Amino acid sequence: MDYYKISKDGWSVVEKYSTEAAAQAVADSLGAGYTVEYLYPYVSTPPAERLGSDIDFCKNLITLFLQDNRIANVTAQQGESLMAKFATTLNFAQVGAVTSVDYHIKNMVTDDVFTQERKDKYINLIANYLNQF
Amino acid sequence: MSFLIEQGGGGGTVSDIRVKGNVLPCGYGVATNSYNAVTMAADYWYGLLFWVGGEMNVTHIGLQTGVAVAHDIVGGIYKYVYASDSWTKVAQVGPFAAVSGMQAIALGSTEKLEQGVYMMAMLGDGAQTNITGHYTQYLQNILPGFQGASNNVNGYYLYNNSYTYTTTLPATIAAGVLSIFPYTGHAAPCCYLTLG
């Protein structure tokens, strides 16, 4: 994968494509007069940067989850059940293991508090996050 | 050694803090986040704030997405007008093209943003995923020290969750039309700017 720039007049886009031909195909799909220019090679996110990003994402996911509990007026008893249910997931979230969090949430059984709507919301957030790498 | 640069003719000194290149405005603090995994809702006005302390010369407004843009999305810069408690449009671009990546649309001419408070506004006609943006708690606020969120950081954005999409953003928008969204753990989309 390398980065290419497709441009025309005052518009341009920089994106990574597998080949110049793939970039040219996108340019052609936009209409006539779009040019393609090679820029630089794609470099994957360094491990240290990725870890920081994953931990940050998980931290915010936990906050969002807790806010949703408050919004749903979860009682202390329900909160204890949730904690027992999510203990493993929470452990993985605290170390930034996003794919493990994703796995456990996908396999979590829904209930009155952890509804299907909430489950879909978190799965979607994680999918969007992982999709960028 | 001084980092102050003498400005010709004026007699005073000002710090030259201008930069060139692509920047994602509106972030604040060391933990500012800009991952492109934000989802923007349809007919939802996102107004993220940023300061200009000296001047900023904007040549393009851009959008970065991890997937192809699937809806009409426009982005614009507004400046806060104290006298009328409203926002006046400085420039706008869009809709953005249906491609993924970091796309930039040139303004008709370079916009020189003078000192003031600005809003990076975004509006779309559909729920678009994988846009670059910020977590709420890592956003700039209107005034320093104005605590908007928790976790010992500031940040909130302005919004209207029932603002019908329009290709041409309004010339002005009253402050009262927009509400404050201060909740941590949420993220908001943000256009990037090319400075020249």
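Since we're looking at a predicted model, the values are computed, not measured. Residue numbers start from 1 in every chain, and the chains themselves are labelled A, B, ... in the order their sequence lines are given, proteins ahead of strands.
Residue A:Ile123 is grouped with residue A:Phe92 when hydrophobic side chains (ILVMFWY) are merged at heavy-atom distances under 4.5 angstrom, including chains of intermediate members.
Surrounding OH of A:Tyr42 are more than 12 heavy atoms belonging to other residues, nucleotides or ligands, all under 6.0 Å away. Residue A:Lys121 places its NZ atom among more than 12 non-hydrogen atoms of other residues, nucleotides or ligands, all under 6.0 Å distant. Dense packing is recorded around CD of A:Gln94, with more than 12 heavy atoms of other residues, nucleotides or ligands lying under 6.0 Å away. Applying the 6.0 Å contact sphere to CG of A:Asp112 captures no more than 12 heavy atoms from other residues, nucleotides or ligands. No more than 12 heavy atoms of other residues, nucleotides or ligands lie within 6.0 Å of CD in A:Gln77, so this atom counts as exposed by the packing criterion.
With a 4.5 angstrom heavy-atom cutoff, A:Val26 touches chain B only via side-chain atoms. Proximity to chain B is limited to the side chain of A:Leu30, based on heavy atoms less than 4.5 angstrom apart.
A pairwise comparison of heavy atoms in A:Gln132 and B:Ala37 identifies NE2-CB, 4.2 Å as the closest pair. Closest non-hydrogen pair, A:Asn128 versus B:Asn130, comes out as O-ND2, 2.9 Å.
To the nearest 0.5 Å, atom CE of residue B:Met102 and atom NZ of residue A:Lys16 are 12.5 Å apart. Summarising the geometry, atom OH belonging to B:Tyr135 is positioned 5.5 Å from atom CZ belonging to A:Phe57; distances are rounded to the nearest 0.5 Å.
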Pair B:Tyr183-A:Ile71, side-chain contact (heavy atoms from CB on, under 4.5 Å): steps then yes or no: CA-CA 12 Å; B:Tyr183 307 108; A:Ile71 291 168; over 6 Å; no
